[in-house]
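The next block holds one structure in the form of C-alpha cells; read it before the comments.
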Amino acid sequence: MAERPFYVTTPIYYVSSVPHVGHAYTSIAADALARFHRTRGPTYFLTGTDEHGQKVAQAAAAAGMTPQTWTDQLVEQWKGLCRRYNVEYDDFIRTTEPRHSDAVVLFFERLKERGDVYLGKYEGWYCTNDETFWLEAKLVDGRCPNPECRREVQWLSEDNWFFALSKYRDRLLEYYRANPQWVRPERSYNEMVATLEGGLEDLCISRVNLEWGVPLPGGGVMYVWLDALLNYITALGWATGDEKFATFWPARVQLIGKEIARFHTIIWPAMLWALDLPAPETVFAHGWITIDGEKMSKSKGNVIEPFAAAERFGADSVRYFLMREAPFGTDFSISLEKIRKRHNTDLGNDLGNLARRSLAMLERYRGGIVPAYSGTSEIASRFADLPARVAARFEALDLRGALEDTWELIAALNRAIDDRRPWELAKRGEDAALDAILYDLCEGLRWCAHLLAPFMPVKAAEMYATLGTGDELGGDWRTDLVWGKLAAGTRARPAEAGLFPRIEDEPPAPAA
RNA sequence: GGCUCGGUAGCUCAGUGGUAGAGCGGGGGACUCAUAAGCCCUAGGUCGUAGGUUCGAAUCCUACCCGAGUCACCA
C-alpha cells in the first residue's frame, strides 16, 4: 500500500539573533523523521528563516545595516547550524525571497476577493519594543506591562486590515472534535480547544507604520506572523501551481515549539480554509529544553551553544542525546554533563563497544570474513518484528521510543556474546556455533546501522561501512532488514578508533 | 485569579480499582572478545497532605499544599 508523500516542516526561525540548541532540536527531529520517511517514499523537508518584522528592522538598524544585509549575513548561521548537524532539508525558504513575498500578496488578494479580509480601525496603547497593543487596564504605571520591557507606550489609531478569523471558530471546533489527533501532544490540543471555546476575535493583519515586511496594496505591510505561516505553502509553489504543492500538501507533520501552538493550530488552519486548502494533518508541539528546569536565557548565561556542543561531542552524539533524553513532546533538561554521560554509556559502552568487540572477534577468529547464515537464529526470530516496531514509533512521532526499541537489540547482542562465549567456542573448535554467533553479531550491527541512520546519519554510515558490504544505507527496511541478508564472505574491517571514543570529564575551568 | 498538567525508589519517569515497576546512579558477583566496556544479582519507596467512595485505591471523588504551563496582535 503506497503511503501518502511525507511533508514535514520546522517553524521558520526568526533571525533577530543567533541559533541556540532549541532550534537545533526541532530541526534534528524533523530531519530524523524525514530520513526515516525517505526510506519508504517521496519525502519533503522544509525549514527556513522568518526575516521580517520590527525586531529584525531594529536589530539591523542597531548594527548599522539595512535589514536585507543584516538577514543575508545572519541566515548563514542558520544554514550553518543545519550543516553542522547534518540536517538535510529539501528546501530552505527565506521570507524575503520573491517566491515567498509574491505569494503573500496573492494570499492577501484571494482573501479580499473572498471577503475574509476587511478594513477597520485599530486603536490602543502600543509598545514598539514588544510590537504589541496593550489594554489600558494592563499597563503598569502607564508603561509596558512586560516586566522585561517597561517602556513607554504610545496611543495609536490606525486604519488596518483585519482577517475574519472569528467566522472560522465553529469550523475549528468541529475540526478539533473530529480529529483529536490533529494537535499533539494532548496538552496542546486541550489548551487550544479551551482557547476556541473562549471565543475568537478577528485578527489585525497589517502594520501601517512598519516598512520591513511584505508590502500590501494600499500601504503598510503584512503582519509578520501571517507572512511567516504562509512559508509552508509558498515554498512548495502554491502560488505558481507547482506540482510539488499538489504532491505534498497537506503536510503530514508540522513541528513547532509549544509556545507558538496558537498560531499554528488556530490561525493557520483558518488561513488555509480561507484559501479552500486543507489544514495540515498533524501539528506537533514539542517541549522546551531547560537547564536544571529553567528556561535557557542569555541573561542567565545558561545557554548550551550548539556549535560548541557539536565540537565537543560530535554532531551525532548531540543528536542522539536530544532525541533520546525525553519523550518527544515533553520538556526536558540538558547539560553538557548529561550529553557526555549518554555519549559514554549508551553510545560508547553499549553500541560502540558492541561494534568493536564483535568485529574484533570476527577478525581474530575468521579473518574478518562474515560467515554464512545457518538459516535460523534465536535473535533473528526474537527481533523479526523490530523494524516494523521502530517504523511504527516514527509514525507515532515517538522518536525516543524508536531509540529504546533499537537499544533492545543492542542489549540482546551484548548479552548474546556473554552467553555464548565465542572465545570458548573458538578454543574448543566448535565452528558452527562460532559462526552462528559471529553472523548474528554482524547482521545485528547491520540492522542497527539501518535503524539508527535517521538519528545518527554519519555514525550509522561509518558503522555500516566497517561491515564492508559496499552498499549504502537508505534502503527500505521492509526489504533490507531481513535477517540473513548480509552476504557470507563479506570482508568486514574493525574501525581503528572506536565509533564513539570515550569523552573524559572536563578539567575544572580555571577561575576567572 | 480562571483553566490545564504534574507531585511514585537518590535521580528521570512508567504504572488509571485488585499483592508497588523500569532506566540511570549506588552496592555485590562471575568472566575476558571489547572503549576498565559488557554480563549477572541487588533498591524494600507512609505512591504530595487530609478526608471520602469501595470488599479493595498510587489508580475514583472532595478539600488543601507544592511545582510547571497557559490565559497577548510577543519567533
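Order of the sequence lines sets the chain letters (A, B, ...), proteins ahead of strands, with each chain counted from 1. It should be emphasised that the depicted structure is a prediction, and the values quoted were computed from it without experimental measurement. Scope of the values below: all heavy atoms of this structure, side chains included, with no hydrogens, waters or symmetry mates.
A:N231 is linked by a side-chain hydrogen bond (donor to acceptor under 3.5 Å, both in side chains) to nothing, counting only residues two or more places apart in sequence or in another chain. By the side-chain hydrogen bond (donor to acceptor under 3.5 Å, both in side chains) test, A:K258 is found to be paired with A:D331, residues two or more places apart in sequence or in another chain being considered. A:R493 pairs by the side-chain hydrogen bond (donor to acceptor under 3.5 Å, both in side chains) definition with nothing, not counting sequence neighbours.
Nucleotide B:C40 holds its P atom 12 Å from the CZ atom of A:R421, rounded to whole Å. Per the geometry, CG belonging to A:D405 stands 15 Å off C1' belonging to B:A14, to the nearest Å. The distance from atom NZ of A:K338 to atom P of B:G23 is 19 Å, rounded to the nearest whole Å. Note: CH2 (A:W288) to C1' (B:A75) measures 9 Å, nearest angstrom. Taking atom CD of residue A:E424 and atom C1' of nucleotide B:A30, one finds them 12 Å apart after rounding to whole Å. Atoms CD1 (A:I260) and C1' (B:A75) sit 7 Å apart, rounded to a whole Å. Per the geometry, CG belonging to A:L200 stands 14 Å off P belonging to B:C71, to the nearest Å. When the P atom of B:C11 is taken as reference, atom CD of A:E337 falls 18 Å away, rounded to whole Å.
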Pair up each side-chain donor or acceptor in residues 355-362 of chain A with any protein partner under 3.5 Å, not counting sequence neighbours, and list the distances.
unit_1	atom_1	unit_2	atom_2	d
A:R356	NH2	A:E496	O	2.7
A:R357	NH1	A:N414	OD1	2.8
A:S358	OG	A:L354	O	2.6

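Nucleotides B:G1 and B:U59 place their P atoms 25 Å apart, quoted to the nearest Å. Look at the P atom in both B:A20 and B:C5: the space between them is 27 Å, to the nearest Å. B:A14 and B:A58 are spaced 12 Å apart, taking the C1' atom of each and rounding to whole Å.
For residues 188-197 of chain A, no residue pair satisfies the side chain to side chain donor-acceptor pair (under 3.5 Å) rule, not counting sequence neighbours. Pairs passing the ring-ring contact (aromatic ring centres under 6.0 Å, His included) check and including a residue from residues 397-433 of chain A, sequence neighbours excluded, read A:Y320-A:W407. Sorted by first and then second residue, the side chain to side chain donor-acceptor pair (under 3.5 Å) pairs involving residues 425-438 of chain A (not counting sequence neighbours) are A:R366-A:D431, A:R366-A:D435, A:R428-A:E430.
Using a cut-off of 4.0 Å between Lys/Arg side-chain N and Asp/Glu carboxylate O, A:D31 and A:R319 are scored as salt-bridged. In this structure, A:K167 does not pair ionically with A:D202, as no charged nitrogen and carboxylate oxygen lie closer than 4.0 Å.
Checking A:K427 against A:R342, the closest nucleotide of RNA chain B that is more toward the 5' end is the one next to A:R342. Comparing A:A194 and A:P327 by the nucleotide of RNA chain B whose heavy atom lies nearest to each, the residue mapping closer to the 5' end is A:A194.
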All N/O pairs under 3.5 Å across the protein-nucleotides 34-36 of chain B interface:
unit_1	atom_1	unit_2	atom_2	d
B:A34	OP1	A:R364	NH2	3.3
B:A34	O2'	A:N353	OD1	2.3
B:A34	N3	A:N353	ND2	3.0
B:A34	N3	A:R357	NE	3.3
B:U35	OP1	A:R356	NH1	2.7
B:U35	O5'	A:R356	NH1	3.4
B:U35	O2	A:R502	N	3.4
B:U35	N3	A:F500	O	2.9
B:U35	O4	A:L499	N	3.2
B:U35	O4	A:F500	N	3.1

N/O to N/O distances under 3.5 Å, protein versus nucleotides 5-8 of chain B:
unit_1	atom_1	unit_2	atom_2	d
B:C5	O2'	A:R187	NH2	2.8

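Shown here, B:C3 forms a base pair with B:G69; the pair counts as Watson-Crick or G-U wobble because both key distances fall under 3.5 Å. Figure legend. B:U46 is base-paired to no nucleotide; pairs are counted as Watson-Crick or G-U wobble with both atom distances under 3.5 Å. Shown here, B:U32 forms no base pair; nothing in the strands shown gives a Watson-Crick or G-U wobble contact with both key distances under 3.5 Å. In this structure, B:G25 forms no base pair with any nucleotide, since neither Watson-Crick nor G-U wobble geometry is met with both distances under 3.5 Å.
Of the listed nucleotides (B:C31, B:C33, B:G69), B:G69 has the atom at the smallest distance from the side chain of A:K258. Of all nucleotides listed (B:A75, B:G69, B:C33), B:A75 comes nearest to the side chain of A:V224. Across B:A75, B:C40, B:C33, the shortest atom-to-atom separation from the side chain of A:H23 is found for B:A75.
The residue A:L203 sits close only to the backbone: its heavy atoms come under 4.0 Å of sugar-phosphate atoms, none of a base. Nucleic acid contact class of A:D350 (heavy atoms, under 4.0 Å, all strands): sugar-phosphate only.
Side-chain polar atoms of A:T49 and A:E51 form a donor-acceptor pair below 3.5 angstrom.
A:K341 has no side-chain polar atom (N or O) that falls below the 4.0 Å cut-off from OP1 or OP2 of B:C24. In this model, the phosphate group of B:C40 is approached by a side-chain N or O of A:R415 to a distance below 4.0 Å at OP1 or OP2.
Between A:W78 and A:F92, the distance from one ring center to the other does not fall under 6.0 angstrom.
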